**Student:** 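Take this structure, written in structure tokens, and hold onto it; I'll ask about it next.
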2 protein chains.
Amino acid sequence: MTNEVRLLRFLAQDMTQAELGRRVGLTRQTIAAIEQGRYSPSLDVAFRIAHLFGKRVDEVFHWQPGGDQGTQTTSSDIS
Amino acid sequence: MTNEVRLLRFLAQDMTQAELGRRVGLTRQTIAAIEQGRYSPSLDVAFRIAHLFGKRVDEVFHWQPGGDQGTQTTSSDIS
DNA sequence: ACTCAATGTAAAATATATATAACATCATGT
DNA sequence: ACATGATGTTATATATATTTTACATTGAGT
């Protein structure tokens with residue numbers, strides 16, 4: 001499971017992790033963990049983040065059928 | 001947060017809760033809880049379920065900006 | 001050189017999702 | 001009437017997400 005949160009945050013006038021967290025009701029540590037793919041967020045959190053950026057959930061978070069094992073971060077990380 | 005899981009399950013040749021659970025790697029109790037909206041699943045589970053039905057996550061799970069409080073079940077439940 | 005904002009990270013605590021086991025109801029088929 | 005499969009439901013346990021607190025690093029600005 002990869003995501004574009006960090007990229008979208010940069011595109012949104014360099015919004016900070018703390019600011020993003022504040023807007024979606026999460027701490028900056030949680031934002032950092034999600035960006036790094038340390039765990040997959042709840043569906044509710046995914047919706048809140050996607051909505052903030054005006055995207056669909058599947059545009060922000062990318063999922064692959066058999067891909068639960070690794071801990072990638074951004075989609076450009078995939079080899 | 002509402003969802004169409006139960007409906008999609010019926011449309012899929014009356015697939016049973018247990019069978020759906022088996023296919024996405026969840027127990028039938030968890031499927032029942034998700035259908036009833038007792039909690040919002042993890043994003044990973046949402047992707048697995050949506051993928052099984054050939055839908056996008058936002059086509060299966062419906063989210064409303066301010067709507068975290070209630071515990072609706074299906075979208076036809078909304079007043 | 002100093003400060004400060006942004007980020008990384010980690011341990012411990014809390015909240016929530018999910019599993020397991022058990023029992024109940026209801027419908028259908030025999 | 002009985003058996004069986006599908007579902008509802010609940011209590012307890014476990015896994016995982018998220019918060020809180022704390023400390024370290026790095027880069028920009030002064």
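All figures in this text were calculated on a predicted structure; none of them were measured in a lab. Atoms considered below: every heavy atom in the structure, side chains included; atoms not considered: hydrogens, waters and symmetry mates. Every chain is numbered from 1 and lettered A, B, ... according to where its sequence line falls, protein lines coming before strand lines.
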**Student:** Whole-Å distance between C/dT7 P and A/Ile34 CD1?
**Tutor:** 14 Å
**Student:** C/dT20 P sits how many Å from B/Arg22 CZ, rounded?
**Tutor:** 15 Å
**Student:** Using only side-chain N and O atoms of B/Gln17, determine if any of them is under 4.0 Å from OP1 or OP2 of D/dG5.
**Tutor:** no
**Student:** Think A/Thr16 has a side-chain N or O under 4.0 angstrom from the OP1 or OP2 of C/dT7?
**Tutor:** yes
**Student:** So, B/Glu35 and B/Arg9, do they make that salt bridge, N to O below 4.0 Å?
**Tutor:** yes
**Student:** Looking at D/dT18, I'd like to know if its phosphate oxygens (OP1 or OP2) sit under 4.0 Å from a side-chain N or O belonging to A/Arg48.
**Tutor:** no
**Student:** C/dT16 phosphate, OP1 or OP2: any side-chain N/O from B/Ser40 under 4.0 angstrom?
**Tutor:** no
**Student:** How long is the line joining OH of A/Tyr39 and P of D/dT16, in whole Å?
**Tutor:** 13 Å
**Student:** Looking only at N and O atoms, is any donor in the side chain of A/Gln36 or the base of C/dT7 less than 3.5 Å from an acceptor on the other one?
**Tutor:** no
**Student:** Side chain of A/Ala32 only, heavy atoms from C-beta on: which candidate in D/dT19, C/dG8, C/dA19 is closest?
**Tutor:** C/dG8
**Student:** Should A/Phe53 and A/Leu43 be regarded as members of a common hydrophobic cluster, given that ILVMFWY residues are connected when their side-chain heavy atoms come within less than 4.5 Å of each other, either directly or indirectly?
**Tutor:** yes
**Student:** Relative to the 5' end of DNA chain D, which residue comes earlier, B/Ser42 or B/Arg9, by the nucleotide with the nearest heavy atom?
**Tutor:** B/Arg9
**Student:** Choose from D/dT20, C/dT20, C/dA19 the nucleotide whose nearest atom is closest to any side-chain atom of B/Thr30.
**Tutor:** C/dA19
**Student:** Find the distance B/Asp44:CG to C/dA19:P and express it as a whole number of Å.
**Tutor:** 12 Å
**Student:** Do A/Trp63 and B/Asp44 have side-chain atoms, one donor and one acceptor, less than 3.5 Å apart?
**Tutor:** yes
**Student:** Please report the distance, rounded to the nearest Å, between CZ in B/Arg38 and P in D/dA11.
**Tutor:** 11 Å
**Student:** What contact category does A/Gly25 fall into here, base, sugar-phosphate, or nothing, at under 4.0 angstrom with non-hydrogen atoms?
**Tutor:** sugar-phosphate
**Student:** Please answer whether the main-chain N or O of A/Val24 pairs with a side-chain N or O of A/Arg48 as donor and acceptor at a distance below 3.5 Å.
**Tutor:** yes
**Student:** Between C1' on C/dA5 and CD on A/Gln29, what's the gap in Å once rounded to a whole number?
**Tutor:** 15 Å
**Student:** Can you measure A/Glu19 atom CD to C/dA6 atom C1' for me and round it to whole angstrom units?
**Tutor:** 13 Å
**Student:** Indicate if A/Phe47 and B/Tyr39 have the same hydrophobic cluster label, given that clusters are the connected sets of ILVMFWY residues with side-chain heavy-atom separations under 4.5 angstrom.
**Tutor:** yes
**Student:** Taking CD1 from A/Ile31 and P from C/dT9, how many angstroms apart are they, rounded to a whole number?
**Tutor:** 16 Å
**Student:** Which of the following nucleotides, D/dA22, D/dT9, C/dA19, is nearest to the side chain of A/Arg28?
**Tutor:** D/dA22
